[in-house]
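Everything below concerns the one structure shown next.
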Amino acid sequence: MNWTGVMPAMTTYFDTDFKVDHAFIRKHANWLLDNGCTGLVMLGSLGEAATLTFDEKVAILANTAASVNGRAPVVAAVSALSTHEAIEIAKAAAGVGCSGLMILPPYVYRGDWREMKAHVSSVLRSTSLPSMLYNNPVAYGTDFLPEQIQELAAEHENLQAVKESTTDVRRVTAIRALIGERLRIFVGVDDAIVEGIAAGAVGWIAGLVNALPLESVALFDAAAAGRDQEAFALYRWFLPLLRMDTVPKFIQLIKLVQQEVGMGSARVRMPRMELVGAELNEARATIQHALKTRPALPAAAVANR
């Protein structure tokens with residue numbers, strides 16, 4: 001599997017009865033790939049995995065893998081309360097045709113390194129799928145330190161990448177200083193992507209890309225190619241939206257952006273609820289201003305999609 005480029009952490013679309021809408025997910029997945037994304041990450045935090053049953057998760061993975069049909073890798077995020085269930089999700093992902101895994105620490109329990117290493121190692125050993133470690137201490141309370149990531153990489157050949165979401169781009173350079181290019185490093189917070197690429201990241205597990213794939217891919221490509229003026233101009237426009245990825249209601253906000261651009265709905269499963277009142281008005285104002293001032297992308301960026 002080629003760990004590189006812009007891979008959406010895909011949202012999960014629900015119909016008016018709050019059931020998973022597989023037809024829309026197929027449409028959304030292929031639209032993202034048509035617009036330059038290099039892979040799809042399903043069942044992540046943005047995919048509201050915590051609200052999905054085991055059977056719903058497997059159905060989403062099977063539906064997406066069949067729909068994409070080899071066009072690009074489908075990566076299954078593995079998140080669960082127990083290690084046993086995480087292993088079952090990983091095995092199911094392999095069974096329905098996923099290309100890789102993104103392994104999260106367990107929900108709720110914030111264990112020590114011995115316990116977290118055992119959890120991640122158990123999932124890594126459960127399949128031969130290429131895997132990414134997801135490090136997001138802000139959301140999950142578990143921080144995989146560079147030295148610990150080095151230890152996991154030394155012991156598990158199928159650990160091939162890390163999604164670094166500490167919001168500290170110095171982690172990118174710290175990991176590279178220890179293990180060089182042994183792992184492919186992805187940025188996992190939208191408003192640190194340009195800085196992360198400058199530090200050595202080669203990919204982006206992105207949120208706002210669910211609504212704005214052309215702009216997301218153009219930003220990544222410009223930054224990765226060292227076209228600084230182009231990248232910074234696009235980044236300045238994009239940042240008010242990208243910052244929506246780093247707040248507690250990021251799912252509501254990103255789904256709202258999708259709704260505003262006509263590719264999705266703001267519906268979320270409880271306990272999350274859609275934005276209302278002043279909070280909704282403020283978010284809509286930010287979104288509408290961004291859409292009204294949407295920059296014209298370089299012809300090459302559009303022609304390549």
Side-chain angles (χ1 to χ4, degrees), residues 1-10 29-42 44 46 64-65 68-77 93 97-103 124 128-136 149 152-153 156-165 169 171-176 178-210 212-228 230-231 234-235 238 242 245 297-298 300-301 303-305:
M1 174 165 167
N2 189 16
W3 297 97
T4 190
V6 182
M7 297 188 183
M10 277 191 65
N30 282 286
W31 178 71
L32 291 167
L33 297 180
D34 289 343
N35 282 282
C37 295
T38 57
L40 303 169
V41 179
M42 315 303 297
L46 188 52
T64 308
V68 170
N69 194 28
R71 288 183 66 194
V74 175
V75 177
C98 290
S99 303
L101 304 175
M102 183 175 77
I103 303 171
L124 284 165
S128 61
L129 287 178
S131 297
M132 164 183 281
L133 178 68
Y134 182 14
N135 188 33
N136 187 342
I149 293 171
L152 286 168
H156 300 281
E157 185 177 352
N158 63 324
L159 179 60
Q160 298 183 358
V162 58
K163 176 185 176 183
E164 183 49 64
S165 298
V169 297
R171 286 295 183 92
V172 176
T173 53
I175 294 168
R176 293 189 73 198
L178 288 174
I179 58 176
E181 297 183 2
R182 164 65 181 84
L183 296 178
R184 308 284 282 178
I185 303 175
F186 277 58
V187 173
V189 285
D190 280 2
D191 63 352
I193 183 56
V194 172
E195 298 89 336
I197 290 171
V202 298
W204 182 13
I205 306 296
L208 269 296
V209 67
N210 280 280
L212 296 163
L214 268 177
E215 289 81 359
S216 298
V217 173
L219 175 61
F220 179 88
D221 288 349
R227 300 194 300 271
D228 295 342
E230 179 185 333
L234 188 51
Y235 205 27
F238 216 165
L242 296 178
D245 181 56
L297 297 177
N304 290 336
R305 308 299 167 221

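- Checked against side chain to side chain contact (heavy atoms under 4.5 Å, CB included), S99 has the following partners two or more places apart in sequence or in another chain: M1, P73.
- Put simply, CG on L212 and CG on L242 are 9.0 Å apart, with the number rounded to the nearest 0.5 Å.
- Here the closest non-hydrogen pair linking S165 and G188 is OG-CA, 3.2 Å.
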Taking it one step at a time, do L32 and M10 satisfy side-chain contact (heavy atoms from CB on, under 4.5 Å)?
-> CA-CA 9 Å; L32 291 167; M10 277 191 65; 3.8 Å; yes

How far apart are the C-alpha atoms of N35 and V217, what are their side-chain angles, what is the distance that settles it, and do they pass the side-chain contact (heavy atoms from CB on, under 4.5 Å) test?
-> CA-CA 8 Å; N35 282 282; V217 173; 6.0 Å; no

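- Between R171 and N135, the closest heavy-atom pair is NH1-ND2, 3.6 Å.
- N158 pairs by the side chain to side chain contact (heavy atoms under 4.5 Å, CB included) definition with L124, S131, H156, not counting sequence neighbours.
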Residue pair F220, V187: steps toward the side-chain contact (heavy atoms from CB on, under 4.5 Å) verdict | CA-CA 11 Å; F220 179 88; V187 173; over 6 Å; no

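- For the residue pair Q160 and E157, the shortest heavy atom distance occurs at CG-O, 4.0 Å.
- Nearest heavy-atom pair across C37 and P213 is SG-CB, 4.4 Å.
- Closest non-hydrogen pair, G39 versus A72, comes out as CA-CB, 4.1 Å.
- The shortest distance between side-chain heavy atoms of I103 and L159 does not fall below 4.5 Å.
- Atom CG of residue L178 and atom CD1 of residue I149 lie 9.0 Å apart, to the nearest 0.5 angstrom.
- When each of V209, I193, L208 is tested with L219 by the rule side chain to side chain contact (heavy atoms under 4.5 Å, CB included), just one qualifies, namely I193.
- For the side chain to side chain contact (heavy atoms under 4.5 Å, CB included) test, residues two or more places apart in sequence or in another chain that qualify with R71 are N30, L33, D34, V68.
- With a 6.0 Å cutoff to the six-membered ring centre and a 45° limit on the axis angle, K163 does not count as a cation-pi contact of F186.
- For residues 187-210, the side chain to side chain donor-acceptor pair (under 3.5 Å) pairs, not counting sequence neighbours, are D190-W204, E195-Y235.
- Residues T38 and N2 form no side-chain contact, since every pair of their non-hydrogen atoms from C-beta on lies 4.5 Å or further apart.
- Side chains of M132 and V41 form no contact here, defined as non-hydrogen atoms less than 4.5 Å apart.
- Legend: residues meeting salt bridge (charged side-chain N to carboxylate O under 4.0 Å, His left out) with R176, ordered by chain and number and at least two apart, are E181.
- Using a 4.5 Å heavy-atom cutoff, the side chains of E164 and V169 are not in contact.
- The distance from the CD1 atom of I175 to the CZ atom of R184 is 14.0 Å, given to the nearest 0.5 Å.
- Residues T64 and A29 approach most closely at CG2-CB, 4.3 Å, considering heavy atoms.
- Scanning for salt bridge (charged side-chain N to carboxylate O under 4.0 Å, His left out) contacts around R182 gives an empty result, with sequence neighbours left out.
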